[in-house]
Structure formats: structure tokens, C-alpha cells
Amino acid sequence: MGIEYSSVVDAPRDDVFAWHARPGAIHRLLPPWQPMSVVSEATSLADGCAVLGLPGGLRWSAQHNPADYAPPARFVDELGRDGLRSLPTGLIGHWRHEHRFDAMGDEHTRVIDRVDTPVPGALLRQTFRYRHRQLSDDLAAHQWAREHGDRPESVAVTGASGLVGSALTAFLSTGGYRVIRLVRHEPRDDTERCWDPDAPGADLLDGIGAVVHLAGASIAGRFTDAHKELVRGSRIEPTRRLAECAAQATDGPAVFVSASAIGLYGYDRADEELDESAEPGDGFLADVVADWEAATAPAATAGLRVVNVRTGIVQTPRGGTLQLMRPLFAAGLGGPLGDGRQWLSWIDIDDLIDVYHRALVDAGLSGPVNAVAPQSVRNADYTRSLAGVLRRPAVLPVPAAGPALLLGTQGARELAMASQRVVPGRLIEAGHRFRRPDLEQCLSHQLGKADR
């Protein structure tokens with residue numbers, strides 16, 4: 001029983017081991033389709049303990065064994081105990097996970113995961129396929145940045161606990177960046193600084209190399225006056241104040257990367273292909289995004305390189321539309337919205353992380369950048385792809401009036417039924433490599449259905 005899974009990554013063994021030893025590695029390796037979360041990371045691969053949260057408040061405790069710690073060749077974790085909530089996991093009997101790294105010359109490493117457990121290997125194979133793809137792709141992205149980019153030593157991030165922020169901070173940390181989370185509570189350690197969006201401290205960004213600004217209230221919901229004010233108020237003025245703070249900082253950031261959205265192009269541009277030169281469209285979200293991007297002007301005026309990342313529909317079962325649609329489609333209850341002809345401009349969450357990373361290190365990138373996959377799809381095609389990956393039918397169309405019941409007329413028009421055929425022109429021009437440019441490839445990876 002158990003499993004042994006191996007692959008070769010294009011990186012020196014010391015780099016591969018160091019990646020695993022840094023904060024964030026367990027976040028990057030945890031499959032998003034599994035109902036697990038990181039409660040705490042191990043402080044050391046030698047003798048630390050990582051704790052994962054399971055449904056029902058249960059805990060999985062991974063205790064590292066100092067007797068088997070042999071850097072950079074090996075470390076081992078075993079199923080441990082973390083109070084009463086970890087007792088039920090002991091019913092599987094035992095779990096010993098050996099992580100081995102064999103050097104294959106100076107530039108390649110064979111990564112071997114050997115798990116001794118009563119759990120059948122067939123149930124674990126997709127997990128390790130996912131882990132090895134993540135490791136290989138992350139190492140390749142960091143290697144590209146070292147060879148072609150100008151890496152800041154430190155990066156301050158707002159919205160670090162959100163869907164994108166948590167993935168980005170884990171990615172940056174494992175790559176050796178010093179990540180400073182800008183938080184609204186009392187800082188717990190030197191990896192956090194307290195940020196008041198209404199009145200940021202004058203020294204907030206002193207000594208920081210770059211800023212990634214992700215904070216903002218969710219746009220999902222009925223477009224009531226209160227909701228629209230929350231969406232707008234959480235973006236425009238906080239962004240302007242943070243940009244001013246960056247401009248005035250002592251030994252402050254040279255790069256200011258701010259979240260934006262393809263909502264700028266309006267809710268329906270028919271079949272028009274929209275690159276970064278396209279004019280803004282109509283609607284509440286288009287107006288908000290235009291003002292949101294304009295709010296970064298103080299940083300640009302002060303000479304900082306400013307990048308506005310216009311994000312499409314992010315694909316991950318940890319949040320967003322895929323999290324909402326997955327259970328319906330898995331039950332065979334999915335189908336297209338309305339006539340299914342709306343254009344959907346999507347992006348795999350790890351590709352989005354790579355866009356933010358490139359925005360940080362690529363000195364040639366500034367201004368608006370469309371963070372979408374190279375090929376938009378129509379809603380009906382997305383429906384077929386998701387159903388196909390889950391091996392379920394998708395024959396129950398959702399009437400166009402359906403989303404209006406939940407989101408109201410304006411919310412349905414600008415969110416659920418929006419149609420935008422967006423092209424990542426700046427990224428294509430820069431020769432950017434997408435990890436998963438194909439929708440089915442993306443969904444298979446994110447949902448644990450990949451063939452290899």
C-alpha cells in the first residue's frame with residue numbers, strides 16, 4: 001500500500017530543498033480540490049510540525065523526524081498528534097512520508113515522494129501529480145526571474161489573506177523574497193505591518209522594494225446602493241492613499257503593482273477582441289475600475305513603475321465561480337447560462353500569480369496588463385469543458401432570468417451574464433509563458449483530474 005512517485009525537475013538540488021524549507025511550501029503543495037487548509041506551517045523540516053485543518057474541525061498533524069533529516073537529500077514527516085481533534089486521523093493506522101532529492105548533475109534533481117501507509121496508492125496519485133507540477137512550475141518561474149528580471153528583495157502585500165493574496169505570498173516566500181503583509185490588526189511579528197487604508201502611516205513602506213495592492217471588497221452580491229458604495233469605497237481612496245505613501249516613502253518601493261479587472265471593458269462588447277488599448281466600456285464596474293486605475297497616479301508621477309493587473313475570471317476550486325459551480329456540475333446539475341454565447345475570459349490562478357510575479361520583476365512591463373488566458377471561451381464551451389473534466393452531463397440550462405433573482409438586474413448583467421472577449425496583448429508581446437493556456441488542462445489540474 002502507499003505510493004512512490006517521482007519526477008525530474010530542472011533545478012539544482014540545493015534550490016529544490018531550499019524551496020521546501022521556506023515558508024509557504026505547504027500552501028503551494030496542498031491540492032485545492034481537497035477539503036484541507038493550513039492551520040500552521042512547520043518551523044523546521046528537521047523537527048517542526050505542520051498542522052492541516054480537516055472538515056468537522058479535525059486536524060492532521062505532520063511531525064518531522066530529526067533522525068531522518070539529511071539536507072539537501074531527505075526529510076521525513078510522520079502522522080503525529082495535536083490534541084483530541086487529531087485522534088480520528090489515527091484510524092488510518094500510520095503515515096510516513098519520505099521526501100527525497102537525488103542530484104542529477106548540477107542542474108537537475110529527481111524528486112521522490114515515498115509514502116508508507118495503508119491508504120491505497122490510487123487514492124494518492126493525483127495529489128502527487130499536482131504537487132510535482134506545482135514544484136516544477138514554481139521553480140521554473142523563479143529561475144526565469146533570476147535570469148531575466150530585477151528581483152526586489154522585499155515585497156509588501158495588501159489583501160494577503162485573500163484568495164489571490166494567500167497564493168501569491170506563499171509563492172513569493174518559497175522563492176526567497178521577504179514578504180511583508182500589510183494587515184489591519186496589530187502585527188504579530190516582523191513579517192507584518194499595520195495598515196490603515198484610510199490613513200496609512202507615513203513610514204508604512206519605508207525600506208520596501210515593491211508593493212502589490214490586492215485589497216478590496218468582493219464585487220459579488222446584489223448591486224444595491226450600499227454594496228456599490230462598499231465596492232467603490234474599498235478601492236479608490238485606499239489605492240490613492242497607498243500610492244501616495246509609496247511615493248513619499250524613505251528608501252521606498254520602485255514598483256507599485258495594483259489589482260484591476262477586465263470589468264473596465266464593460267459588460268457586453270459583442271465579439272470585439274479587447275487588448276489593453278481598447279476603450280473602457282459602460283456600466284458601474286467599468287466606471288469603478290477606471291477610477292481605481294487612475295488612483296495609482298501618485299506613484300507613477302513620483303517615478304515608480306506602476307502595473308495595473310486587469311484580472312479575468314480566476315479558476316480555482318478554493319474560491320470564485322469555480323468553487324460555486326463545482327458541486328452543481330459534480331452532481332450533474334450544471335448547464336450554460338442563457339444562450340451560452342457570452343464570452344468568458346478566464347485565467348488559472350497559478351498563471352495569475354505568474355503575471356503578478358512578472359509585474360514585479362520585468363522592468364519592461366508597466367501600465368495596464370490583461371491577466372487572462374490566451375483563448376477566451378464562450379459560456380457554453382466552458383460548461384462543456386467543466387462537465388467533461390468532471391465526467392458529468394451538463395444539460396440543464398440556467399434561464400437568463402435566474403441570476404437576476406440572486407444578484408438583481410444590474411448585478412446579473414455585469415457579473416453572471418457579462419460578455420468580454422479579452423486578449424492578453426502585453427503578455428503575448430513580451431513572450432510570456434502560460435502554465436495552463438488550455439481550459440481543460442487548467443480545470444483538470446485544479447480539480448485533480450489530470451492524466452499525468
Side-chain angles (χ1 to χ4, degrees), residues 142 144-160 164-165 168-169 172 175-182 193-216 234-261 264 275-277 280 288-311 352-371 424-427 429-432:
H142 289 300
W144 181 91
R146 283 191 291 269
E147 294 176 352
H148 300 91
D150 184 12
R151 287 168 46 110
E153 291 186 5
S154 57
V155 182
V157 183
T158 71
V164 175
L168 178 63
T169 54
L172 293 175
Y177 295 89
R178 183 168 68 94
V179 176
I180 305 297
R181 293 165 175 81
L182 301 184
R193 294 186 184 181
C194 185
W195 169 56
D196 180 354
D198 296 324
D203 61 348
L204 177 66
L205 299 175
D206 287 359
I208 294 294
V211 176
V212 177
H213 179 40
L214 300 171
S234 66
R235 284 168 171 77
I236 313 305
E237 286 307 313
T239 298
R240 191 185 318 280
R241 295 187 186 103
L242 191 65
E244 291 171 348
C245 188
Q248 299 164 7
T250 301
D251 189 25
V255 184
F256 191 94
V257 183
S258 182
S260 182
L264 176 96
D275 65 12
E276 289 85 352
S277 67
V288 168
V289 177
D291 290 344
W292 191 10
E293 292 189 358
T296 63
T301 300
L304 280 70
R305 181 169 61 85
V306 174
V307 184
N308 305 104
V309 181
R310 294 176 179 170
T311 307
L352 177 59
I353 297 311
D354 283 349
V355 174
Y356 273 103
H357 186 214
R358 184 167 195 135
L360 285 170
V361 304
D362 186 350
L365 207 60
S366 63
V369 174
N370 288 341
R426 297 292 307 283
L427 295 175
E429 180 184 346
H432 184 76

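Side chains included, hydrogens not; waters and symmetry mates left out as well; all remaining heavy atoms used.
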Q. How would you list, by chain and number, every residue that makes a salt bridge (charged side-chain N to carboxylate O under 4.0 Å, His left out) with R241, sequence neighbours excluded?
A. D198
Q.
If the condition is side chain to side chain donor-acceptor pair (under 3.5 Å), which residues does S277 pass it with, not counting sequence neighbours?
A. D275
Could you list the donor-acceptor pairs under 3.5 angstrom formed by side chains in residues 247-255, with sequence neighbours left out?
none

Q | E237: salt bridge (charged side-chain N to carboxylate O under 4.0 Å, His left out) partners, not counting sequence neighbours | A | R240
(Q) Under the rule for side chain to side chain donor-acceptor pair (under 3.5 Å), what residues qualify as partners of R146, not counting sequence neighbours? (A) Q143
Q: Under the salt bridge (charged side-chain N to carboxylate O under 4.0 Å, His left out) rule, collect the residues that match up with R426, sequence neighbours excluded.
A: none
Q. Restricting to pairs with a member in residues 302-311, which pass salt bridge (charged side-chain N to carboxylate O under 4.0 Å, His left out), not counting sequence neighbours?
A. E293-R310
Q) Which residues satisfy the side chain to side chain donor-acceptor pair (under 3.5 Å) test with D291, sequence neighbours excluded? A) R232
**Q.** ring pair (Phe, Tyr, Trp, His ring centres under 6.0 Å) involving Y177 - partner list, sequence neighbours excluded
**A.** H357
Q: Tell me, please, which residues at least two apart from D206 pass salt bridge (charged side-chain N to carboxylate O under 4.0 Å, His left out).
A: none
Q.
My understanding is that only residues two or more places apart in sequence, or in another chain, count here; which of them pass side chain to side chain donor-acceptor pair (under 3.5 Å) with N308?
A. none
Q.
Run the side-chain contact (heavy atoms from CB on, under 4.5 Å) test against T301 and tell me which residues pass, sequence neighbours left out.
A. none
